[in-house]
Amino acid sequence: MRELARKYGAHLLAADGMFTELAAATGPEYWAADGVHPTPAAHAALAAAWLRLVA
């Protein structure tokens with residue numbers, strides 16, 4: 001994905017790194033209780049990060 005974003009000049013939200021940092025502070029269950037599906041807090045974090053990226 002990173003390579004394609006660079007190649008085509010697309011925005012890329014590197015959520016993997018973002019959630020690694022967030023989980024280090026709170027624990028991963030806060031962001032994905034089942035380890036896969038984002039919680040409401042994770043959706044809010046993604047939305048806020050996306051708005052910062054494209055604003």
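We use all heavy atoms of the structure for the numbers below, so side chains are in, but hydrogens, waters and symmetry mates are not. Worth saying up front: this structure is predicted, and the values here are computed from it rather than measured.
- Listed by first and then second residue, the side chain to side chain donor-acceptor pair (under 3.5 Å) pairs that reach into residues 40-55 come to none, sequence neighbours excluded.
- The hydrophobic cluster of Leu51 has no other members, since no ILVMFWY side-chain heavy atom comes under 4.5 Å of it.
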Solution key, residues 27-36 side-chain donor-acceptor pairs under 3.5 Å, sequence neighbours excluded:
unit_1	atom_1	unit_2	atom_2	d
Trp31	NE1	Thr26	OG1	2.7
Asp34	OD1	Val36	N	2.8
Asp34	OD1	His37	N	2.8
Asp34	OD2	His37	ND1	2.6

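- With hydrophobic clusters built from ILVMFWY side chains whose heavy atoms lie under 4.5 angstrom apart, Met1 does not share a cluster with Leu53.
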Side chains of residues 10-17: which donor-acceptor pairs under 3.5 Å do they make with residues two or more places apart or in other chains?
unit_1	atom_1	unit_2	atom_2	d
Asp16	OD1	Arg2	NH2	2.9
Asp16	OD2	Arg2	NH2	3.3

